[in-house]
**Q** 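The structure's right below; bear with me while I get my questions together.
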Amino acid sequence: MRTKTTAGGIGGDRHRSLLAWYRRHRRDLPWRRTRDPYAILVSELMLQQTRVAVVEDRWRRFLERFPDVEALAGASADDVLALWSGLGYYRRARQLHAAARAIRDRHGGRVPAEAARLRELPGVGAYTAAAVASIAFDRPEPPVDGNAARVLARWFRLRGDARSGPAARRLARRAAELVPRDGGAGEWNQALMELGALVCLPRRPRCGACPVASSCGAAAEGRPERYPGPGRATRPVRESVVRAALERNGRWLLRRNGAGETPEGLFEFPALPCPSGRATPAAVARLVERRWGWRVEDCRELGTVRHQILARSILVRVFAARVVAGPAMPPRSAGTFRRVALSRLSELPVSGATLKIARLLARR
DNA sequence: TTCCGGGAAT
DNA sequence: ATTCCCGGAA
């Protein structure tokens, strides 16, 4: 049983080693160069379930477009979603938008500093509330993200599902014990998460480079990758779908997903109700005409695109064709369509799969 | 080519 | 317990 000694307590050797490592090795991320709570809130919302490398560029563009709470709160949902295109989990964008409006309407336009108040904002859970409170306001709150959970699980040999249940509670308690109470909470929390991101890796931890390996329980056991415990259980089911890229006068027809279709409200190349295995250019051309009334020429299979929607792994077969006759827009019952040039795709909210298909079309 | 990591809401 | 996505490591 590891007991809490002076050396291991707050301000002791463990803290000093990790903080020294962090100051030396921390990545120069754009949101670490600002103290603006709004900018930090945006970064944390984006970083939920999304890697740093992807978020970096998106965060810059998002803040350029919506530099403060007021700008975001006053924006349209479509504009916010357009800046989010390809990031996935589009609910986060709607929630961030709603959070900005709540901050404007209920907090006088200032991001609240209390974790409890932050927690009330849409899209802000326990982790994000603690992260913003500590990083932007230096409150002694302990955010436990996947990285911190893994570091703590190994450090203190806490096994089990880190995402919920008793193991998650033990991790939260440890994190709360460790966070400095009189300054430096944000720095400490980021150090813990950075260690998880750079050194205490899920599969092949680099214990040789770890500043706290000498006090790490899992490293002492020699099998650190066994912590925290079992991860995802189910394997994704494989599916296949056919989508039509229809061009008319240099513009492509996109359909907006309706209620119940995911991702809801985003534009995608329209799907066809065709058993993917039997899709041929002729069959696709026939379906397009029957479904939307468009007569097409030069129908051919352009290629395939893969994407994941949680439990499903979807293979998209893309057929491209030129519309030569038919209505400007299909009947209302077929959904909402829009004609858009590839160069203007970034102005619309679109899914990642749509961006992939657009890349396919661009280098045709 | 497959596999895996990563928060919040309901 | 289930739903939401994507990119990069293996």
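Quick note: numbers below take in every heavy atom, side chains included, and nothing from hydrogens, waters or symmetry partners.
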**Q** Which part of the nucleic acid, if any, lies within reach of A:Arg150 when heavy atoms closer than 4.0 Å are counted: base, sugar-phosphate only, or nothing?
**A**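 Counting heavy atoms under 4.0 Å across all strands, the contact made by A:Arg150 is with sugar-phosphate only.
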
**Q** Quick one: salt bridge (Lys or Arg N to Asp or Glu O under 4.0 Å) pairs with a partner in residues 140-154 of chain A, sequence neighbours left out?
**A**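 Those involving residues 140-154 of chain A do not exist here.
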
**Q** Quickly work out the A:Glu261 CD to C:dC5 P distance and round it to whole Å.
**A**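 So the two atoms are 13 Å apart, to the nearest Å.
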
**Q** Any Lys/Arg nitrogen of A:Asp68 or A:Arg104 sitting under 4.0 Å from an Asp/Glu carboxylate oxygen of the other?
**A**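 Here A:Asp68 does not pair with A:Arg104 in a salt bridge, since their nearest N and O are not under 4.0 Å apart.
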
**Q** Could you state the atom-to-atom distance from CG of A:Leu81 to P of C:dC5 in whole Å?
**A**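 Interatomic distance, CG of A:Leu81 to P of C:dC5: 10 Å.
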
**Q** Could you tell me how far apart A:Leu118 (CG) and B:dG7 (P) are, to the nearest whole angstrom?
**A**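 Computing the A:Leu118:CG to B:dG7:P distance gives 17 Å.
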
**Q** Is there a side-chain polar atom (N or O) of A:Arg203 under 4.0 Å from OP1 or OP2 of B:dC3?
**A**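 Looking at the OP1 and OP2 atoms of B:dC3, neither is under 4.0 Å from any side-chain N or O of A:Arg203.
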
**Q** Taking only the side-chain heavy atoms of A:Gln49 (C-beta and beyond), determine which of C:dT3, C:dG7, B:dG7 contains the nearest atom.
**A**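 In terms of side-chain proximity for A:Gln49, the closest of C:dT3, C:dG7, B:dG7 is B:dG7.
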
**Q** Nearest nucleotide by nearest heavy atom, which residue falls closer to the 5' end of DNA chain C, A:Arg312 or A:Lys356?
**A**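 The residue whose closest nucleotide sits nearer the 5' end is A:Arg312.
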
**Q** Are any of A:Arg238's side-chain N or O atoms less than 4.0 Å away from OP1 or OP2 of B:dT2?
**A**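 Yes, A:Arg238 has a side-chain N/O under 4.0 Å of OP1/OP2 on B:dT2.
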
**Q** Side chain of A:Arg306, heavy atoms from C-beta onward: which of B:dT2, C:dG7, B:dA8 has the nearest atom to it?
**A**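 Side chain of A:Arg306 sits closest to B:dT2.
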
**Q** Specify the residues of residues 204-213 of chain A, ordered by number, for which at least one heavy atom lies under 4.0 angstrom from an atom of DNA chain C.
**A**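 Going residue by residue through residues 204-213 of chain A, none turns out to have a heavy atom under 4.0 Å of DNA chain C.
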
**Q** In terms of relative ring orientation, are A:Trp59 and A:Trp31 parallel, tilted or perpendicular, with 30° and 60° separating the classes?
**A**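 Correct class here is perpendicular.
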
**Q** At 4.0 Å (heavy atoms only), tell me whether A:Tyr127 reaches a base, stays on the sugar-phosphate, or touches nothing.
**A**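 Sugar-phosphate, backbone atoms only, no base.
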
**Q** Would you give me the side-chain donor-acceptor pairs under 3.5 Å for residues 84-91 of chain A, sequence neighbours excluded?
**A**
unit_1, atom_1, unit_2, atom_2, d
A:Trp84, NE1, A:Gly88, O, 3.1
A:Ser85, OG, A:Leu81, O, 3.4
A:Ser85, OG, A:Ala82, O, 3.1
A:Ser85, OG, A:Leu348, O, 3.2
A:Ser85, OG, A:Val350, N, 3.0
A:Ser85, OG, A:Val350, O, 3.4
A:Tyr90, OH, A:Gly86, N, 3.1
A:Tyr90, OH, A:Gly352, N, 3.3

**Q** A:Arg92 side chain N/O closer than 4.0 Å to the phosphate oxygens (OP1, OP2) of C:dT3?
**A**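 Answer is no, no contact under 4.0 Å.
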
**Q** Could you pull out every donor-acceptor pair under 3.5 Å between side chains of residues 118-127 of chain A and any protein atom, sequence neighbours left out?
**A**
unit_1, atom_1, unit_2, atom_2, d
A:Arg119, NH1, A:Val124, O, 3.1
A:Glu120, OE1, A:Arg117, NE, 3.4
A:Glu120, OE2, A:Arg117, NE, 3.3
A:Glu120, OE2, A:Arg117, NH2, 2.8
A:Tyr127, OH, A:Glu44, OE1, 2.8

**Q** Scan residues 319-330 of chain A for pairs that pass salt bridge (Lys or Arg N to Asp or Glu O under 4.0 Å), counting only residues two or more places apart or in two chains.
**A**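 Listed once each, the pairs are A:Glu297-A:Arg322, A:Asp298-A:Arg322.
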
**Q** Taking only side-chain nitrogens and oxygens of A:Tyr90, does any of them come within less than 4.0 Å of OP1 or OP2 of C:dC6?
**A**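 Answer yes for this pair, as a side-chain N or O of A:Tyr90 is under 4.0 Å from OP1 or OP2.
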
**Q** List the atom pairs, with distances to 0.1 Å, where a side-chain N or O of residues 353-361 of chain A and a protein N or O form a donor-acceptor pair under 3.5 Å, not counting sequence neighbours.
**A**
unit_1, atom_1, unit_2, atom_2, d
A:Thr354, OG1, A:Phe267, O, 3.4
A:Thr354, OG1, A:Ser351, OG, 2.8
A:Lys356, NZ, A:Arg306, O, 2.7

**Q** Taking any heavy-atom pair under 4.0 Å as a contact, classify A:Ser313: base, sugar-phosphate, or nothing.
**A**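 No contact.
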
**Q** Between A:Ala126 and A:Pro202, which is nearer to the 5' end of DNA chain B once each is assigned its nearest nucleotide?
**A**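 Between the two, 5'-proximity favours A:Pro202.
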
**Q** Just call it for A:Arg58: base, sugar-phosphate, or nothing, with non-hydrogen atoms closer than 4.0 Å on any strand.
**A**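 Touches nothing.
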
**Q** Would the distance check show the side chain of A:His15 and the main-chain N or O of A:Leu178 forming a donor-acceptor pair, the cut-off being under 3.5 Å?
**A**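 The answer is yes, because a donor-acceptor pair under 3.5 Å joins these two groups.
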
**Q** Atom CG of A:Leu201 and atom P of C:dA9: how far apart are they, to the nearest Å?
**A**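 Going from A:Leu201 (CG) to C:dA9 (P), I get 11 Å.
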
**Q** Let me know the distance between CD of A:Glu264 and C1' of B:dA9, rounded to the nearest Å.
**A**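 Result: 15 Å.
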
**Q** Over how many whole Å does the gap from A:Glu225 atom CD to C:dA9 atom P extend?
**A**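 Value for this atom pair: 19 Å.
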
**Q** Can we say A:Glu225 and A:Arg223 salt-bridge, meaning some charged N sits less than 4.0 Å from an Asp/Glu carboxylate O?
**A**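 Salt bridge between A:Glu225 and A:Arg223, a charged N being under 4.0 Å from a carboxylate O: yes.
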
**Q** Give the other cluster members for A:Met329, using side-chain heavy-atom distances under 4.5 Å between Ile, Leu, Val, Met, Phe, Trp and Tyr residues; answer none if it is isolated.
**A**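 Under the 4.5 Å side-chain rule, A:Met329 groups with A:Val242, A:Leu246, A:Leu253, A:Leu272, A:Val284, A:Leu287, A:Val288, A:Trp292, A:Trp294, A:Val296, A:Phe319, A:Val323, A:Phe337.
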
**Q** Take the protein atom CG of A:Leu87 and the nucleotide atom P of C:dC4, then report the distance between them rounded to whole Å.
**A**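 Spelled out: CG on A:Leu87 to P on C:dC4 is 18 Å.
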
**Q** On the nucleotide B:dA8, are OP1 or OP2 found under 4.0 Å from the side-chain N or O atoms that A:Thr128 carries?
**A**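 Yes, because at least one side-chain N or O of A:Thr128 sits under 4.0 Å from OP1 or OP2 of B:dA8.
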
**Q** Any side-chain N or O of A:His307 below 4.0 angstrom from OP1/OP2 of C:dC6?
**A**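 Answer yes for this pair, as a side-chain N or O of A:His307 is under 4.0 Å from OP1 or OP2.
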
**Q** Where along residues 129-136 of chain A does a heavy atom fall under 4.0 Å from DNA chain B?
**A**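 Contacts with DNA chain B under 4.0 Å: none.
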
**Q** Between A:Leu45 (CG) and C:dC5 (C1'), how many Å, whole number?
**A**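 After rounding, the reported distance stands at 16 Å.
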
**Q** Please confirm whether the shortest side-chain N or O distance from A:Gln48 to OP1 or OP2 of B:dG6 is below 4.0 Å.
**A**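 Checking A:Gln48 against B:dG6: no side-chain N or O falls below 4.0 Å of OP1 or OP2.
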
**Q** Report the residues that fulfil side-chain hydrogen bond (donor to acceptor under 3.5 Å, both in side chains) with A:Asn249, sequence neighbours left out, ordered by chain and then residue number.
**A**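 A:Asn249: no side-chain hydrogen bond (donor to acceptor under 3.5 Å, both in side chains) contacts found.
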
